[in-house]
Every structure is written in structure tokens, then in C-alpha cells.
Amino acid sequence: MVAPETAGNEPQALSNLLKENRRFAPPADLAAAANVTEAAYNEAAADRLAFWERAAERLTWAKRWDTTLEWKAPFAKWFVGGELNVAYNCVDRHVEEGRGDKVAYHWEGEPDGDTRTLTYSDLKREVSKAANALAELGVSKGDRVAIYMPMIPELPIAMLACARIGAIHSVVFGGFSASALKSRIDDADAKLVITADGGYRRGKPSALKPTVDEAVAECPQVEHVLVVRRTGEDVATNGKDVWWHDLVERQSDQHTAEPHGAEDPLYILYTSGTTGKPKGILHTTGGYLTQTAWTHHAVFDLKPETDIYWCTADIGWVTGHSYIVYGPLANGATSVIYEGTPDTPHRGRFWEIVQKYKITILYTAPTAIRTFMKWGDDIPAKYDMSSLRILGSVGEPINPEAYVWYREHIGGERCPVVDTWWQTETGAIMISPLPGVTAAKPGAAMRPLPGIVADVVDDQGNAVPNGGGGFLAVREPWPSMLRTIWGDDQRYIDTYWSRFEGMYFPGDGAKKDEDGDLWLLGRVDDVMLVSGHNISTTEVESALVSHPKVAEAAVVGATDPLTGQAIVSFVILRGTAEESPDIAAELRDHVAKTLGPIAKPRQILVVPELPKTRSGKIMRRLLRDVAENRSIGDVTTLADSTVMNLISEKLPSAKSED
Ligand code: WT7
């Protein structure tokens, strides 16, 4: 076996293989009326802290801060001495300023016709009652509250009630298991769990309460479980249980929002990463709300009077925290929340919702976009989506072809697409085009937002030149950054601040193109080393998806006696494409032509599905097990645990070409 190093090739910086010449300039009318223009970049470059101060002034503070940033690396404090209440900013102030009748949320349940509308006045009443209920249950400032709920209005209401009294919420995605819930309750030492009997998914009630019962049975620190009745299915009750409709409904709808310190904790959100025990990412109050609100205003060009905004994420992920709850409400937006899945009761459900509510801004994930591509162009074509004006993408690199499909088939070729890069840890968008400013390139997140200083660096932490690849790094603290890992400062330092001196390391590979624009290339753990070349899985996947027969692709590096690692690809074909005997050869040639012979996959497997986490990210670790003929590792974080069987069944046909 010849390892790449001993073959005389020093591993080099991340190769930059994909060339993309398409550009989409902002529509002239959008640019002319844009909330944020090119000037913002210059203002922030001239004085970054003054720029963030102006962003903070968009909020209502009970007491202005004394110091904008106190930076004892890697620990940041923003707006030190300032006081504000997040729930007041998200709800009360809009009512006080005469916008009480404006809709905050149009809620669409999964069962047809199951809808609710909450105005800002409604939200103020409900959040006040819930805050009073939490107080009656003995929850006070600084206490931790675990929230395990479906996508129903009581979820944001519960979060805002916690924020209002200064309790720290820890939302656990409703698809997690009892053991995952238990470990998160334990880690944060939560005294209250808020849940529901269940929610609707794929056309039927899906229970949540039994999972909570199982977890709480082993969590003596939990004093109460507050349960919303959503599905009406029978649930076991025990001495800790309190029904939401019993407790919350009888509370006063008056509640005074006391101001909290800018650096008081707002929430913990666990992120699993690829290995180890989940990390409790801690976000605080003033800086977090400043950056979520400003980025929502800037990146989506939100006009609160006229826009109808829909982020399709689950509130259980950070995207939902920042861009369904805190950012949009702080800006007084009207949003849609949808409870269910995109294929219930039919595959046009999303577009039906866009048509029904006349959505103007849609924010979704590449995994969803690729699924819609697979289902076929004819489905969105049946709906009137002329209301849309801006499209967003988040969660993974978006392949240029998926971007162009989204722009054409959803955006009618008129809507800018903003590819927004950020993480649970960053709290808010960091790198993204601005829809009224940027001539965007499909697949590129383009430039750091004003006020964000990020770069692509080599192994040594030196900036790579234009045209080069390496690691993404953030050079300066930002307002919505995580403050630490809950209860583990050392792990915070080791994970994010030890790879490069004085810089935040997100763990993503990236490249700077010839114009200096940024392309995110996925986790550095996924980078493949083929004959001494570091090749990103993203670029090969994008090349595969650029073939007209391919809807989705996942690529991994498998040990190879000749090249160190060889590229193995798993592809899902588009709805209309036939699986022909020579499809593998055709796709291998296509990749070689698009990226060069070095990137030519050794093997191509056509599969019906790909293994994904519950947040839609491809689990390449499991595909590596398949590619290296190992027994398949831990599948507990898979959204659908049967997928690996479907893929393994395809294995006998896995031929090594050449
Ligand atoms: C990781 C963070 C951000 C909210 C949802 C995910 C990947 C996210 C992009 C993008 C390329 C992206 C990165 C990042 N990622 N957005 N636009 N382009 N990659 O939050 O679960 O904390 O995941 O998602 O790898 O590090 P998360």
C-alpha cells in the first residue's frame, strides 16, 4: 500500500476544482428599495463596534450599555451594563407602538384546515399568561427549562415566556429519543419540562409524552411536566404532570417584563457535532437579539408591513430559534409556521402554503430543495408563487445546480437566492449575499456580512490568496457568538479556539475564488485525500448534481491501496431519469470533465435514499462504512433508520469500474 505522503505528494491545501461563471445581479427595484446597501460594508469596516452599536439601537433597551465589547479572548461580553427584555422586544413593544392587530404568526397545522392566527396582541396575552404559569410552578430567573414540543404556537410562546422571566430554555428537537432527551435534561439540570401529548406528522398523530415520561422517570431534578393538549390522544399522567390548559388558561394576562442584563443567558441549544457528548451551546441576551434581528432585516430585506415570511425549519434547531422566533419577532414580522412534513397530504404542500399565504420570503434547506428536484418540476409548476421575492438556503452547502433549480422553479427567475452560512454556535448568519447588493454566484455564500471578519486560512492560520482553499476562520468576536459550552469552558476553548491562535475555528473547509468570494465546502472531517490532493466532498457532489439525471449525491473517501483514498459516490436519480446500465460510466466521465480526472469517482452507486440526520445533513460516516465494507456504525442519530438497509441492498451491484 502506498500512502499518499510516501508517494512523494505532500498533501496540499484544499483543491479548488469547481469553476462557476454564472452570476445573478439583484433585481433593480429590489436594490433601489433595499434595507441595506453597499455602504453598510464600508461603515462596518471603518468602525465595527460603532456598526454593531447602531444595530443594537434597533432594539428597545431599558438601560443603555456602558461598554460595547469586553473581549478577554476567547470570552466575549457584548453591550456590558445594558439591560433589556427579549420578550418585550419581540412582543410588547409592537403592541405599544400600535401594531397589536398585526399578525405575528399564521400557523398551519398538518391536518387540512387546522389553522390558527396569532396577532402581536394575542401573543402578548399568551406569553404573559405562560410567564405567570411558570412563576406559579416555581420557575425563576436563571432556572433551566427543557422544551420538547411539536411545531405548534405554544412552542414559541413557551420560549418567550422563559425569556420574559429570565429562565434559560433548552429546546430539544421533538424527534429525539428518550435517552437523548434525558442526557440534555441532566446536563442543564432542568427543573421543568414543557411538552405536548404529540403532534401531527405524515398524516397521523405522533406521540411525544411517552418519550418524556421515559426520560423524566430517570430525572429526579424535574419537578413538573407541563403538557399541551394537541392531538387529544390518551396519555399516561403522573404526579409531576400539569395540563397547559388547566394551568396557563387561568392565569392573568398581565405580566411585567423585567429587564435582564445583556449578558444574562437566554438559552442553551445542544449540538451533537460528529462525535462525543452533545455540546450545550450557550447564547445570551443583548448581542444575540441584536445580530438575529439585524441579519433578518438585512439578509431577507424584511419589510414588516408587507412581507409574509416563512422559514421551514423546525424550531428545535437554531434556524428556528433565530429565524422563526427571535429575529422575525424582534422585527415585527408576519411569519408562517407549518407543523408537518412537505409530502403530507401531497408533495405540493409547501407550494400550496406559499400560494395560500402569499409568502414573499422563503427560507429552507438544500436537503429539501434536492428532494423537490427529485419529485419533479411539474409539482411546483401547479401553484401560483408569484408573491415570492426572496429565497434563502441554510444548513449545508447548496450545490450550484440545486441553487439554479430553486431560483428557476420556485423563484420564477426573479428572486435572489441568499445562501446563508452560519452555525448553532454563531447564533446568527455570518456569511451571505445581501439580496439588494450582491451579484450572487450559485453555490457561494459570497462575503462575510458587515461587522463580521472571516477569512479562509491555511494549515498555519495564514490567509490563503484568491483562488486558494483551506479552513474557514473568524478573526473577530461577533455579538451573537456562543459564550461558552454550558458547564465546560475548557471544551469551549479546545473545540473552537485552539486550532488557530486568536481565531474562531468553525470546523468547515472553504475556498476563496478568484474574486475573493467565499465558498463553503462542508466539514473538514469529510475532506478526502486522493493521491495527495485534498478534495472536498461538496465539489464532487455538486459536479454530480450538475448532471441532468442526478437529483442528489453524497460522496466519501474510502481507503484505496493505490491512491490513499478513492472517491465513492452515492447518487439519487431525478424523478424522470431511468437507471441505465451505463449510468455509472456516464457520471464518472461527467465528473472528470467538470472537475478534472483527479476527482473521478472510483465507484458510483445508484441508491433510493441517503442517510441523513434529523436536521437533514448527510451522514457520510455511515456511507464510509458501506464504501469500506465495514459493518455499519451507530445509526441512532439517523432520521430514518431503515435507510441503511435500502443502501446495503444495492451493494451487490457496486462495481469498481476500470
Ligand atoms: C454547519 C452548522 C446554520 C443553521 C443550521 C445548521 C453547515 C450551514 C451552510 C451553508 C455551507 C453550511 C456548516 C456549518 N452549513 N449553512 N450555507 N453553506 N455549509 O446549524 O446544525 O449548527 O450546522 O452546517 O458545515 O458548520 P448547525
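Counting starts at 1 for both ligands and their atoms, in listed order.
Of all protein heavy atoms, the one lying nearest to atom 3 (C) of ligand 1 is Trp422 O, 3.0 Å. The protein heavy atom nearest to atom 7 (C) of ligand 1 is Gly395 O, 3.3 Å. Of the protein's heavy atoms, Asp508 OD2, 3.3 Å lies nearest to atom 14 (C) of ligand 1. From the protein, the heavy atom lying nearest to atom 10 (C) of ligand 1 is Glu396 O, 3.4 Å. Of the protein's non-hydrogen atoms, Pro397 N, 3.1 Å is the one closest to atom 11 (C) of ligand 1.
For ligand 1, the atoms sitting less than 4.0 Å from at least one non-hydrogen atom of Thr420 are 9 (C), 10 (C), 16 (N), 17 (N), numbered in the order shown with element in parentheses. Which parts of ligand 1 touch Thr424 is read off a 4.0 Å heavy-atom cut-off, strictly below it: atoms 20 (O), 21 (O), 22 (O), 27 (P). Taking a cut-off of under 4.0 Å to the non-hydrogen atoms of Val318, the atoms of ligand 1 that pass are 4 (C). Every atom of ligand 1 with a heavy atom of Thr319 under 4.0 Å away is listed here by number and element: 4 (C), 5 (C). With ligand atoms numbered from 1 in the order given, ligand 1 contributes 11 (C), 18 (N) to contacts under 4.0 Å with heavy atoms of Leu520.
In this structure, of Lys617, Arg523, Glu425, the residue bringing a heavy atom nearest to atom 6 (C) of ligand 1 is Lys617.
The residues Lys441 and Asp517 are annotated as salt-bridged, a charged nitrogen and a carboxylate oxygen being separated by less than 4.0 angstrom. Taking a cutoff of 4.0 Å between a charged side-chain nitrogen and a carboxylate oxygen, Arg621 and Asp634 do not qualify as a salt bridge. Glu413 and Arg407 are not joined by a salt bridge, as no carboxylate oxygen comes within less than 4.0 angstrom of a charged side-chain nitrogen.
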Listing, residues 499-506 side-chain donor-acceptor contacts under 3.5 Å, not counting sequence neighbours, or none:
{"from": "Arg499", "atom 1": "NH2", "to": "Asp459", "atom 2": "OD1", "distance (Å)": "3.2"}
{"from": "Tyr504", "atom 1": "OH", "to": "Gln423", "atom 2": "OE1", "distance (Å)": "2.8"}

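In this structure, Trp421 has a heavy atom closer than 4.0 Å to ligand 1.
At a 3.5 angstrom cut-off on N or O pairs, Ser393 does not count as close to ligand 1. Considering backbone and side-chain N/O of Asp419, one or more are found under 3.5 Å from N/O of ligand 1.
The only option from Tyr326, Tyr267, Trp78 that meets the side chain to side chain donor-acceptor pair (under 3.5 Å) definition with Tyr288 turns out to be Tyr267.
With sequence neighbours excluded, the residues satisfying ring-ring contact (aromatic ring centres under 6.0 Å, His included) with Trp375 are Phe372.
Side-chain contact, Thr495 with Lys279: no donor N or O sits under 3.5 Å from an acceptor N or O. Checking Thr537 against Asp526 by side-chain atom types alone, no donor-acceptor pair falls below 3.5 Å.
Trp317 contributes no side-chain N or O that, together with a main-chain N or O of Phe173, makes up a donor-acceptor pair within less than 3.5 Å.
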